[in-house]
Number of protein chains: 2
Amino acid sequence: MVLPRAAKTQRRTRIQEEKEEQILEAALEVFATHGFRGSTIDQIAEVAGMSKPNLLYYFRTKEAMHRALIDRVLDSWLDPLREFDAEGNPVAEIRSYIRRKLEMARDFPRESRLFANEVLQSAPHILDELKGPLKTLVDEKAEVIRAWAKAGKIAKCDPYHLIFAIWSTTQHYADFDVQVRAVLGIEHSGEGRFEDAARFLEQLFITGLAVHDSAPS
Amino acid sequence: MVLPRAAKTQRRTRIQEEKEEQILEAALEVFATHGFRGSTIDQIAEVAGMSKPNLLYYFRTKEAMHRALIDRVLDSWLDPLREFDAEGNPVAEIRSYIRRKLEMARDFPRESRLFANEVLQSAPHILDELKGPLKTLVDEKAEVIRAWAKAGKIAKCDPYHLIFAIWSTTQHYADFDVQVRAVLGIEHSGEGRFEDAARFLEQLFITGLAVHDSAPS
DNA sequence: TGATAATTTGACCGGTTGGTAAAACATTAC
DNA sequence: GTAATGTTTTACCAACCGGTCAAATTATCA
């Protein structure tokens, strides 16, 4: 057999699983740093520690690699939002959503940058996912937030823009890491900046969304 | 004379000014959409409506074009922060800073994406500007904010992370425009989304930073 | 007008890029 | 062991990319 991608429909070799894993790891590194068009197969091959034709044996095109990577990462990327619980305490839910998003920005910055690059450049490869699954999920959670506001549990606000604000403020620490560190200076560029950010963002969102006396349910 | 860039040190032709303008406009369009490595001189030339060698007559390399573009745009991009007035009313200053940043995201999204692309990819061409002029400016304004907090005019908070939060939430509407529109759906993708965003962000930041009874100066 | 300088173009070049072909090599199943 | 299958490598290609060059064209101005 010469076509590994076809063989995959049957059963995958141990080697296949290992190598595909290796390749996607390298692809994440490179795509996240240079974007799709800015990345080269040679670069990815080098990071993956294999030759270019070898790499193309597992993924027939650059786009196939990118697509496989996105498919694998997108789901886990949305997990924090999925865990947003309608039954939970509103303030606690928002707080822990911010926490989780910030932890992801700290622990998985490459995944964040992968999407940031893609979206920044008009999301040519994931637009459908944004309009479909992502929109559906956000619509659902926005409804939850709207209900909380209506019940007077949090301040009235546009739930979509609230979600955007949480996304942008947290992912900022992954996507614009270089700028954050440049501005903070070496002395504040330790991992402590994530603690500081968490403290600030909690204060901002929790206080900013608290129901104040003049606006009862 | 054959070297236009040298001639520039003397006096620039009308044609030179016009063409350079045209080129930088096209370069902004292309660089903002595809990033530096993802952009090609041919693309820029096509958008600018001239041939590649002609374009290279005005800017000798792709990098020279990029650099000229950044130089031209960076200053105006920082204007809103510069206008941040230590003598003004804190709440009003923060409110109008958010307003201005949001207006820029709406009116000059390409400029925002130009920097976003650059920073996302580790800012290879502007790192010095970030560590120098940008950091200096932010340090200065952070001190103003710190003083306001100390005087009890706004809630105590980390001024750097406050600035980051304003940057990220406002620029989000330029940089991640595609995603914002995908999530909001066609029905809410009109220009009205900037009004909604402004309302939400004002509420968030103003309420979130208001001094609350339990924390006097 | 004509001379001079400024601008534009087409043809081209060496290096890179995504991708292919085929043969060499390794692994597995019997 | 050996045959079939799976994996890796070497050599290569056509398209593209950043950039050059010299000639052609156009604008400027005495």
Side-chain angles (χ1 to χ4, degrees), chain A residues 1-24 26-27 29-31 33-69 117 121 124-125, chain B residues 1-27 29-31 33-69 121 124-125:
Chain A
M1 185 73 80
V2 177
L3 295 173
R5 309 293 296 166
K8 270 186 63 183
T9 62
Q10 314 256 38
R11 172 165 281 116
R12 294 167 69 204
T13 314
R14 172 185 53 86
I15 295 183
Q16 262 174 41
E17 286 194 37
E18 285 176 12
K19 290 296 164 85
E20 284 176 16
E21 178 66 32
Q22 247 182 72
I23 292 170
L24 290 182
E29 183 71 30
V30 176
F31 281 137
T33 314
H34 301 107
F36 182 77
R37 288 192 56 175
S39 302
T40 72
I41 300 183
D42 289 275
Q43 258 179 305
I44 298 170
E46 195 190 333
V47 173
M50 60 182 85
S51 67
K52 177 169 65 171
N54 196 183
L55 189 149
L56 285 165
Y57 170 74
Y58 293 100
F59 296 93
R60 276 201 290 243
T61 66
K62 190 179 164 186
E63 279 185 4
M65 284 183 37
H66 194 250
R67 154 87 27 197
L69 184 58
N117 263 301
Q121 307 189 359
H125 303 98
Chain B
M1 185 73 78
V2 176
L3 295 175
R5 310 293 298 166
K8 272 186 62 183
T9 61
Q10 313 257 39
R11 173 165 282 117
R12 293 165 69 204
T13 316
R14 172 185 52 86
I15 294 184
Q16 265 174 39
E17 286 194 36
E18 285 176 11
K19 290 297 164 86
E20 284 177 15
E21 178 67 31
Q22 248 181 72
I23 292 170
L24 290 182
E25 157 67 24
E29 183 71 28
V30 176
F31 282 138
T33 313
H34 300 108
F36 182 77
R37 287 191 56 176
S39 302
T40 72
I41 300 183
D42 289 274
Q43 258 179 305
I44 298 170
E46 196 191 331
V47 173
M50 59 183 85
S51 67
K52 178 169 66 172
N54 196 183
L55 189 149
L56 286 164
Y57 171 72
Y58 293 101
F59 296 92
R60 276 200 290 240
T61 65
K62 189 180 164 187
E63 278 185 4
M65 285 184 36
H66 194 250
R67 155 85 29 197
L69 184 59
Q121 308 188 359
H125 303 98

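Within every chain, numbering begins at 1; the chains are lettered A, B, ... in the order of the sequence lines, protein sequences first and strands thereafter. This is a predicted model, so every value here is computed, not measured.
Atom-to-atom, CD1 of A:I41 to C1' of D:dC16 comes out at 14 Å; the value is rounded to the nearest Å. A:R60 places its CZ atom 18 Å from the P atom of C:dG18, with the value rounded to the nearest Å. The nearest whole Å value for the distance from the OH atom in B:Y57 to the P atom in C:dT9 is 13 Å. Whole-Å rounding puts the A:F59 CZ to D:dT7 P distance at 13 Å. Here the C1' atom of nucleotide D:dT7 and the CG atom of A:N54 are 7 Å apart, to the nearest Å. Per the geometry, NZ belonging to B:K62 stands 8 Å off C1' belonging to D:dG18, to the nearest Å.
With sequence neighbours excluded, the residues satisfying ring pair (Phe, Tyr, Trp, His ring centres under 6.0 Å) with A:H66 are A:F31, A:F36, A:H125. Judged as a salt bridge (Lys or Arg N to Asp or Glu O under 4.0 Å), and not counting sequence neighbours, the contacts of B:K52 are B:D42. When the side chain to side chain contact (heavy atoms under 4.5 Å, CB included) test is applied to B:Q22, the partners found at least two apart in sequence or on another chain are B:K19, B:M50. Applying the side-chain hydrogen bond (donor to acceptor under 3.5 Å, both in side chains) criterion to B:E25, with sequence neighbours excluded, gives B:R110. Annotation: salt bridge (Lys or Arg N to Asp or Glu O under 4.0 Å) contacts of B:E63 (sequence neighbours excluded): none. Not counting sequence neighbours, A:K62 has no partner by the salt bridge (Lys or Arg N to Asp or Glu O under 4.0 Å) test.
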All N/O contacts under 3.5 Å from nucleotides 23-26 of chain D to the protein, with atom names and distances to one decimal?
none

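Closest to the B:T61 side chain, of the nucleotides D:dG19, C:dG19, C:dT8, is D:dG19.
Side-chain contact between A:T40 and A:H34: absent, with no pair of heavy atoms (C-beta onward) separated by less than 4.5 Å. The shortest distance between side-chain heavy atoms of A:Y58 and A:M65 does not fall below 4.5 Å.
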### Message
I'd like to compare against my own output: the B/S/- annotation of nucleotides 11-16 of chain C with a strict under-4.0 Å heavy-atom distance to protein.
### Response
B-----
